[in-house]
Amino acid sequence: MKDIIITDSVKYIGANDKTIDLFESQYVVPKGISYNSYLIKDEKNVVMDTIDRRKTEEWIKKLEEELKGEKVDYLVVSHMEPDHAFNIGLLSSKYPEMKIVGNEKTFTFINQFFDIENLEERKVVVKEADTLNIGKHTLQFFMAPMVHWPEVMVTYEQTEKILFSADGFGKFGALDVDEDWLCEARRYYFNIVGKYGAPVQSLLKKASGLDIKMICPLHGPILKENLGYYIEKYNIWSSYIPEEEGVFIAYASIYGNTKQAVEYIAKVLEEKGAKKVVLADLTREDMAEAVEDAFRYDKVIFAASSYNAGVFPPMEQFLHLLQGKNYQNRKVGIIENGSWAPSAGKYMKNILEQMKDLKICDPLVTIKSRMNDTSKKELEDLANVILEK
């Protein structure tokens, strides 16, 4: 990986991980992940977060190369999740005079994860808008609780106008991967941070009062240009406003008959002028990407087979994932299939009705085993209602 240049005094000491199969043991990351950590060199040397245990050796080597024999004076802990905080204990042992900067909740978690010698004498507890001068640089701290843990805070460096944004503005993918920021940042946001839209809105409000020239997240690329674009995306996502006009169809089919119905309504929607129609087979495709698309588009159709007097499990899992991510403010349709006692529709509707500001469209389409002329007409009617302004 080429050296990542931030500024003359702010050094990148993070690492790419391309051997990981599942981030947080649940999200597929075919292009890896980056664990970002930074060193600010000044009269006092400050490390901005550590990294995951998987890359400890590489991280320590980079840190020592940048220090050139100097010591670490402060460690700022933005977030205590182990992919960022695992090496707090190691760094504290290596530099016994190093102060640790965090808020009250940070140190609650540090005591749960680590036994750090003389922690009471070493900790620097900061509150909202407190500052720490380290020479030419001044760090200012802003609390960001539940973005996406309760102890999260961000740090604004006042001289070079850098926002160290914790998990905010993060993205899946290693830093040497050439790909657009948007898709993997969206998948990252909705699956990891998405439940906490209100706290993100609160943080964006704080950030709007800062003169930010660069954003340094804990995952993904350092953002240096067109920052308004990234901030606006976060504003849309955290407001639960649909990002695009289109119909996302999530389906769970056992033997293919539900899939045929979905393909039929997709064709009808396109013929009727739908701007975009996207299908996802929940039995085979990445569930996290399906969550991303459900938030991306303004209209969603859920289609599933009946199963054990309920709904086929992949659809049940998907609906509960959306519910857990605070899914809301969309127009939705429901298609069920059942051979003798269709139950999927009622089951799906019951879960959806527990979510906020969802407009559930009539008709709820019932297919008995396979499409016929009657169910085709109902699918066409549902397409008309979904596309109504």
Side-chain angles (χ1 to χ4, degrees), residues 16-36 52 79 81 83-84 146-149 152 165-197 199-200 204 215 217-223 229-251 276-300 302 314-315 317-330:
N16 283 329
D17 186 354
K18 288 186 168 182
T19 63
I20 188 171
D21 57 343
L22 294 174
F23 179 70
E24 289 190 353
S25 295
Q26 59 182 315
Y27 302 115
V28 295
V29 281
K31 296 183 179 178
I33 192 80
S34 68
Y35 311 115
N36 297 343
D52 191 89
H79 184 20
E81 204 166 5
D83 56 328
H84 309 299
M146 300 318 301
V147 186
H148 60 122
W149 278 26
V152 173
S165 61
D167 270 346
F169 301 96
K171 172 189 168 294
F172 292 129
L175 296 191
D176 58 357
V177 170
D178 184 17
E179 66 179 357
D180 182 65
W181 178 86
L182 184 58
C183 283
E184 285 294 69
R186 185 193 294 111
R187 186 167 73 100
Y188 176 93
Y189 174 85
F190 281 117
N191 285 281
I192 293 177
V193 188
K195 179 177 181 178
Y196 304 107
V200 173
L204 290 175
I215 298 174
L218 289 178
H219 295 293
I222 288 82
L223 307 177
Y229 169 80
Y230 305 109
I231 292 169
E232 178 59 20
K233 288 298 181 185
Y234 258 63
N235 184 48
I236 291 170
W237 298 341
S238 58
S239 300
Y240 302 103
I241 300 168
E243 188 179 350
E244 292 183 37
E245 185 177 340
V247 185
F248 174 59
I249 306 176
Y251 69 94
K276 195 168 185 180
V277 181
V278 177
L279 276 66
D281 179 355
L282 299 178
T283 66
R284 289 170 174 80
E285 297 180 22
D286 174 25
M287 199 70 81
E289 190 163 338
V291 168
E292 171 200 346
D293 281 334
F295 278 98
R296 179 175 180 176
Y297 298 106
D298 62 337
K299 307 172 190 73
V300 182
F302 300 96
M315 177 59 75
Q317 179 190 359
F318 182 56
L319 291 173
H320 284 305
L321 280 173
L322 292 179
Q323 188 176 21
K325 307 299 181 187
N326 207 11
Y327 192 64
Q328 58 185 271
N329 194 31
R330 298 297 190 277

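The chain is numbered in sequence order, starting from 1.
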Do you know the tightest heavy-atom contact between [X] and [Y]?
X: Tyr234; Y: Ser238; answer: O-OG, 2.6 Å
X: Ala294; Y: Leu322; answer: CB-CD2, 3.8 Å
X: Val152; Y: His148; answer: CG2-N, 3.8 Å
X: Asn191; Y: Ala288; answer: ND2-O, 2.9 Å
X: Lys195; Y: Gly324; answer: CD-O, 3.2 Å
X: Pro314; Y: Thr283; answer: CG-CG2, 3.9 Å

In sequence, state the C-alpha distance, the side-chain angles, and the governing distance for Asp21 and Val28, and then conclude on side-chain contact (heavy atoms from CB on, under 4.5 Å). CA-CA 6 Å; Asp21 57 343; Val28 295; over 6 Å; no

Using the test ring-ring contact (aromatic ring centres under 6.0 Å, His included), find all partners of [X] that sit at least two apart in sequence or belong to another chain.
X: Tyr240; value: none
X: Phe248; value: none
X: Phe318; value: none

Rounded to the nearest 0.5 Å, how far does [atom2] of [Y] lie from [atom1] of [X]?
X: Leu321; Y: Gln26; atom1: CG; atom2: CD; value: 8.5 Å
X: Ile231; Y: Ser165; atom1: CD1; atom2: OG; value: 10.0 Å
X: Phe302; Y: Ile249; atom1: CZ; atom2: CD1; value: 11.5 Å
X: Leu218; Y: His79; atom1: CG; atom2: NE2; value: 7.5 Å
X: Ile33; Y: Ile20; atom1: CD1; atom2: CD1; value: 7.0 Å
X: Glu243; Y: Glu232; atom1: CD; atom2: CD; value: 10.0 Å

Given 3.5 Å as the limit, does a donor-acceptor pair link the side chain of [X] with the main chain of [Y], or not?
X: His219; Y: Lys171; value: no
X: Asp167; Y: Val147; value: no
X: Arg330; Y: Gln328; value: yes
X: Glu285; Y: Asp281; value: yes
X: Tyr251; Y: Leu279; value: no
X: Asp298; Y: Gly246; value: yes

Salt bridge (charged side-chain N to carboxylate O under 4.0 Å, His left out) evaluation trace for Glu244 with Arg296: CA-CA 6 Å; Glu244 292 183 37; Arg296 179 175 180 176; 2.8 Å; yes

Testing Phe295, Phe172, Tyr327 for ring pair (Phe, Tyr, Trp, His ring centres under 6.0 Å) with Phe190, which one passes?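 For Phe190, the ring pair (Phe, Tyr, Trp, His ring centres under 6.0 Å) test succeeds with only one of Phe295, Phe172, Tyr327, which is Phe295.
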
Using the salt bridge (Lys or Arg N to Asp or Glu O under 4.0 Å) criterion, which residues pair with [X]? Sequence neighbours excluded.
X: Lys31; value: Glu179
X: Glu245; value: Lys275, Lys389
X: Asp52; value: none

Is the shortest side-chain heavy-atom distance between [X] and [Y] below 4.5 Å?
X: Tyr229; Y: Leu182; answer: yes
X: Asn36; Y: Leu175; answer: yes
X: Tyr188; Y: Glu184; answer: no

Quick one, Trp237 with Val193, criterion side-chain contact (heavy atoms from CB on, under 4.5 Å). Give me CA distance, side-chain angles, the key distance, then yes/no. CA-CA 10 Å; Trp237 298 341; Val193 188; over 6 Å; no

How far apart are the C-alpha atoms of Asp83 and Phe23, what are their side-chain angles, what is the distance that settles it, and do they pass the side-chain contact (heavy atoms from CB on, under 4.5 Å) test? CA-CA 9 Å; Asp83 56 328; Phe23 179 70; 3.5 Å; yes

